[in-house]
Amino acid sequence: MPQVVTRFPPSPTGYLHIGGARTALFNYLLARHTGGRFVLRIEDTDAARSTPEMTRAILDGMAWLGLAHDDGPYFQSERQDLYNANVDRLLENGHAYWCQCTPEDVQAMRDKAMAEGRKPKYDGRCRSLGLGPGPGRCVRLKTPQDGSTAFPDMVKGPVAYPNAELDDLVIRRADGGATYHMAVVSDDHAMGVTHVLRGDDHLNNTPRQIHILQALGFPVPVYGHVPMILGPDKKKLSKRHGAMSVMEYEKMGFLPEAVVNYLARLGWAHGDQEIFTLDELVAAFSTENLNSSAACFDLEKMLWVNAHHLRAKAPAELSPLLARFVRELGLPEPGRARLEAVIPLYQPRAQTLVEMAQAAAFFFTPDAGLALDPEAAAKFLTPEAREHLAAVRALLAGLADFSVAGIEAALHGYVEASGVKFKLIAQPIRVALTGKTASPGLYETMAVLGKESTLARLDRALA
Ligand code: GLU
């Protein structure tokens, strides 16, 4: 089998959002799974709406997700000569013709067709006039008028369009520029694309693109059209529900591997496996398992997948990522050793890096800056509790082994000797050390804070 070549051709008129990222991912996976090539092409022919910032943002999004391309990025704005050469080729081989109809003429034809209850389309009146180039003239493709255009869709199964539905497509505008379909088809051919996986909003474009390819005598790639991603309400995905830039998920504390994992499962399945690394996706990917019905975006599920990937990562790998979110809370630059000690305490529970940073903020707050939740302090730092805290403080000050085991033994000793219930001292200590009533295990928390901080925080609570 010849090498598989897939492509991702975003228009830089918006950010890389969830739907685009999933299309990119499927094409990436198909190429990697088959040992093929993955081409990145920027479809920036709409000069008014395309911006270099959006191109940058799309490239950044792809890089963050780890979807490396083998070829490109190509820019359609730089390739007009190729597209026009193909238009010339179609004029020469008789598959295209010059058309002198003005936009008003075409509008009149459409209005008439509508009034007669027919589908509005260009009526082909310049087809046989044998016109040459001239001001205001465009070039149209001689679209087959009968029969149908059929293709096996990798997702939808066999698809067929009656050719009579389609009119003669403009392939070069009156201003001399080649049109969108001409550019796509020329590039797919020039880049050797064998497989096109894209959103089913492009399904209607496919017979048109096949007509141009056939007229040029170019091979037709295999197409697959994946259903749109819907919101949890089963309506079009809204900003609130995920139609935002993938980079927003980075800001929300998602790991790129979790976003990739979730996106893959949104429209593709491999048995009932939910958790995949990128390598596992590459190994398992097959277009046969792409869903032909639309998937609904579910943030709760994506959080669950993220929690999984957070747990699977080594603290040393998470540490630079968490550091960023700690800094964003306005806290001093966290040390590596402290980060790596704190991370395992939160891995069992945290769903995002933001949540982890917020819950663990007290570990990175200077002792003198730790604010105690007034309600928790009033409830737990009672006069009786303070007496115990003072005694525990003295005990800990003399403790040589400030490990989890050492601290545990010391506190158990205190509980036994004093007869106080552990519950009665645990929560006051927790409030003193963390400022709040919820934290990881007390001994672990103390051991990670270290003796100096633990004593300083107890002193502050007692003061
Ligand atoms: N540039 C098109 C888009 O962003 C993609 C076209 C295609 O996949 O053929 O929707």
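A quick note: this is a predicted structure, and the numbers were derived from the prediction, not measured. In listed order, ligands and their atoms are each counted from 1. Values below: every heavy atom of this structure, side chains too, minus hydrogens, waters and symmetry copies. Along the sequence shown, residues are numbered consecutively beginning with 1.
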Show me, by chain and number, every protein residue that has a heavy-atom distance under 4.0 Å to ligand 1. Arg7, Pro9, Pro10, Ser11, Glu43, Tyr180, Arg198, His202

By side-chain hydrogen bond (donor to acceptor under 3.5 Å, both in side chains), which residues pair with [X], not counting sequence neighbours?
| X | value |
| --- | --- |
| His69 | none |
| Asp188 | Arg7, Arg41 |
| Glu257 | Lys313 |

Under 3.5 Å, is there a donor-acceptor pair between the side chain of Asp44 and the main chain of Thr51? no

Going by atom types only, do Asn306 and Tyr249 share a side-chain donor-acceptor pair under 3.5 Å?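 The criterion, which ignores hydrogens and geometry beyond distance, is not satisfied for Tyr249 and Asn306.
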
Would Arg32 and Asp279 pass as an ion pair if we require N to O under 4.0 Å? no

